[in-house]
Amino acid sequence: MATEDKNRATAAAILPLVGGAANVASIAHCMTRLRLGLHDRSLVDDEALKALPAVMGVVEDDTYQIVLGPGTVARVTPEFEHLVEEGRAATPAASPAPSPAPSPAPGDAPSASAVSAVSADELAAQGAAIKAQQKAKNATPFKLFLRKIANIFVPLIPALIGCGIIAGLNGLLVNLEWLPAVTPALAAMASGFMALIAVFVGYNTAKEFGGTPILGGAVAAIIVFPGVANIDAFGQTLSPGQGGVLGALGAAVLAVYVEKWCRRWVPEALDVLVTPTLTVLISGLVTIFGLMYVAGEVSSAIGTFADWLLSNGGAGAGFVLGGLFLPLVMLGLHQALIPIHTTLIEQQGYTVLLPILAMAGAGQVGAAVAVYFRLPRNESIRRTIKSALPAGLLGVGEPLIYGVSLPLGRPFITACVGGAFGGGFVGLFNQLGDTVGSTAIGPSGWALFPLLDGNHGLGSTIAIYGGGLLVGYVAGFLATYFFGFGKELLAEFNVSQEPTPSTVAATGGTSPAPTATTGPDHRDHPDPGPDPAKAPAGV
């Protein structure tokens, strides 16, 4: 009951700060964020939202996103929906305008809090500029297409995680020869979703591209239907599941275009009969005699290439992938990896890429700790790091990225160096024959441990992944501590924002202004900036 009250209180605190129930057009959530469609963006009080204890940051993208963290967002969202429904049923009351802060009298020295606020606003403006630039860059047609792809797969992540953990538990029980009567049931639970994942992909694809979702699912279901084993295409007998999620994606997109064509040309009186029939018939024939074969070849090539890359150049490939993942997130290009992860999970039972890419988050954590020690006087940045570090350890890296390393500049680069060394460590063991994979996408950091799998036993897999995290932490820390600050940057940010008793007495009871710009005071909750993933792969 106490937890429910806490979640409802969080929802109740958020609602008036986004303009009330009447201003909310749509509500959704992903792994970490409450995503709101708003009628009037100007009614939102960003700073008050960031100040809420449960809020880790806000992101303005195609939807307004409030970062609450994994687990919390899934509990707060239903409460928020209930409050919005209740608010729409009632007459909205006018909110009083906020009272302006009193202006200091002429001749008065500014207080320490006032000086800190001014300094924080300056750095917050830098963050806002970065966010605006990134949003503009992410509005290209290609990146908008990648966003659609991400929207198709992100809703599948909870099922992938749940089934992945059950698969890991079942494997452990089988290896220990415990509960033999239960393991077949666990295997069915873990495998059932993956056996039909193409249907869910088809449904979400049609929905995202503007078609009828159930028709997209119906066409994609052809791919996993056992009866396709009786069909020959390109001189080969098809196999159920051939083409996997890529085939389902292509089949559903085709179904959307066929359906839209039918809507334009089929008379309204016949639409209910003809349109769905032609959509399934045309798309189904193309899927069976074309897409399944092509998508199957592409899927096999992806798996073969991933295995070859890590077997022959694992250390180098891991170094590059781990080092470039944060910039890929910044550019929105990481979304292109989501279908690849899903294809590898479908083929091999796990994706070998995610544990390597997760090392980027380890480098970020190490860099943040180094910033904490290098700026002992800047209480604002240190408070930000302390509040965001637990989430960073669990794989939610946005608060550290957009609240600490990216506004500071060079620490973002040294964080990438830490991720590169961590990725190189995991990749090296892949090259030596110890494969490390993840049975689901979405979590990273410590949250990825329950989803690990490999070819040499769970103990070895956990040890390698944990070693990679440690290498990423240490490399990110050392790179940032020794190379993350120039002399000017260090002098600018390593200043105290808190007046000491001696300085207050020396100035007659007033607080002197600091001589340099201080770090960001995001009221302990940094703004994470643009959306890095609808993606499921956290950093």
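These figures come from a predicted structure and were not determined experimentally.
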Novice: Would you give the length of the straight line joining atom CD1 of Ile165 to atom CG of Leu169, rounded to the nearest 0.5 angstrom?
Specialist: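 Here the interatomic distance stands at 9.5 Å.
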Novice: Return yes if some donor-acceptor pair links the side-chain N/O of Asn170 with the main-chain N/O of Ile166 below 3.5 Å, else return no.
Specialist: no
Novice: Evaluate the side-chain proximity of Leu186 to Leu179: yes if any heavy-atom separation is below 4.5 Å, no if none is.
Specialist: no
Novice: What pairs of donor and acceptor atoms, side-chain ones from residues 223-238 against any protein atom, are under 3.5 angstrom apart with sequence neighbours left out?
Specialist:
residue, atom, partner, partner atom, Å
Asp232, OD1, Thr237, OG1, 2.8

Novice: Check side-chain hydrogen bond (donor to acceptor under 3.5 Å, both in side chains) between Glu208 and all other residues, then give those that pass, not counting sequence neighbours.
Specialist: Asn151
Novice: Output every pair passing side-chain hydrogen bond (donor to acceptor under 3.5 Å, both in side chains) with a member in residues 300-316, not counting sequence neighbours, ordered by first then second residue.
Specialist: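 Passing the test, one end in residues 300-316: Asp307-Gln348.
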Novice: Are side-chain N/O atoms of His341 and Thr351 paired as donor and acceptor at under 3.5 Å?
Specialist: yes
Novice: For Phe425 and Phe319, I'd like to know if the aromatic rings sit close, meaning centre-to-centre distance below 6.0 Å.
Specialist: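 No.
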Novice: Taking the side chain as every heavy atom from C-beta outward, state whether Ile197 and Glu346 have any pair of such atoms under 4.5 Å apart.
Specialist: yes
Novice: With the side chain counted from C-beta on, respond yes when Val258 and Thr275 share a heavy-atom pair under 4.5 Å apart, and no when they do not.
Specialist: no
Novice: In Å and rounded to the nearest 0.5 Å, what is the CG to CG distance from Leu321 to Leu354?
Specialist: 11.5 Å
Novice: With rounding to the nearest 0.5 angstrom, report the CG to OG1 distance, Leu249 to Thr342.
Specialist: 10.0 Å
Novice: Once you measure the plane-to-plane angle for Trp265 and Trp261, does it fall in the parallel (<30°), tilted (30-60°) or perpendicular (>60°) bin?
Specialist: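 Because their plane-to-plane angle lies in the 30° to 60° range, the rings of Trp265 and Trp261 count as tilted.
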Novice: Taking side chain as C-beta onward, heavy atoms only, is Pro443 less than 4.5 Å from Ile161?
Specialist: yes
Novice: Leu337 vs Phe325, test: side chain to side chain contact (heavy atoms under 4.5 Å, CB included). Steps then yes/no.
Specialist: CA-CA 11 Å; Leu337 298 174; Phe325 188 63; 4.2 Å; yes
Novice: Assess whether side chain to side chain contact (heavy atoms under 4.5 Å, CB included) is satisfied between Leu36 and Phe80, documenting all intermediate values.
Specialist: CA-CA 11 Å; Leu36 304 177; Phe80 188 84; 3.6 Å; yes
Novice: Mind checking what makes salt bridge (Lys or Arg N to Asp or Glu O under 4.0 Å) contact with Arg263, not counting sequence neighbours?
Specialist: Glu259, Asp271
Novice: Would you please name every residue forming a ring pair (Phe, Tyr, Trp, His ring centres under 6.0 Å) with Tyr473, sequence neighbours left out?
Specialist: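 None.
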Novice: For Phe193, does the CZ atom sit with more than 12 other heavy atoms under 6.0 Å from it, leaving out its own atoms?
Specialist: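 Yes, because the 6.0 Å sphere around CZ of Phe193 holds more than 12 heavy atoms from other groups.
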Novice: Starting from the C-alpha separation in whole Å, work towards a yes-or-no answer on side chain to side chain contact (heavy atoms under 4.5 Å, CB included) for Tyr465 and Met359.
Specialist: CA-CA 9 Å; Tyr465 179 73; Met359 295 301 115; 3.4 Å; yes
Novice: Measuring from atom OG1 of Thr63 to atom CD1 of Ile27, what distance do you get when rounded to the nearest 0.5 angstrom?
Specialist: 12.0 Å
Novice: Would you mind writing out the side-chain donor-acceptor pairs for residues 451-462 within the sub-3.5 Å range, not counting sequence neighbours?
Specialist:
residue, atom, partner, partner atom, Å
Asn455, OD1, Thr435, N, 2.9
Asn455, ND2, Gly433, O, 3.0
Asn455, ND2, Thr435, OG1, 3.4
His456, ND1, Gly433, O, 3.4
His456, ND1, Asp434, OD1, 3.2
Thr461, OG1, Gly457, O, 2.9

Novice: Does CZ belonging to Phe412 count more than 12 external heavy atoms closer than 6.0 Å?
Specialist: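 More than 12 heavy atoms, drawn from other residues, nucleotides or ligands, come within 6.0 Å of this atom.
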Novice: Got a second to check how far Ile152's CD1 is from Gln335's CD, nearest 0.5 Å?
Specialist: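 Separation between the atoms: 11.0 Å.
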Novice: Give the C-alpha distance, both sets of side-chain angles, the deciding distance and a yes or no for side chain to side chain contact (heavy atoms under 4.5 Å, CB included) between Thr205 and Val256.
Specialist: CA-CA 9 Å; Thr205 300; Val256 170; 5.8 Å; no
Novice: How long is the gap from CZ on Phe421 to CG on Leu470, to the nearest 0.5 Å?
Specialist: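 Atom-to-atom, Phe421:CZ and Leu470:CG are 14.0 Å apart.
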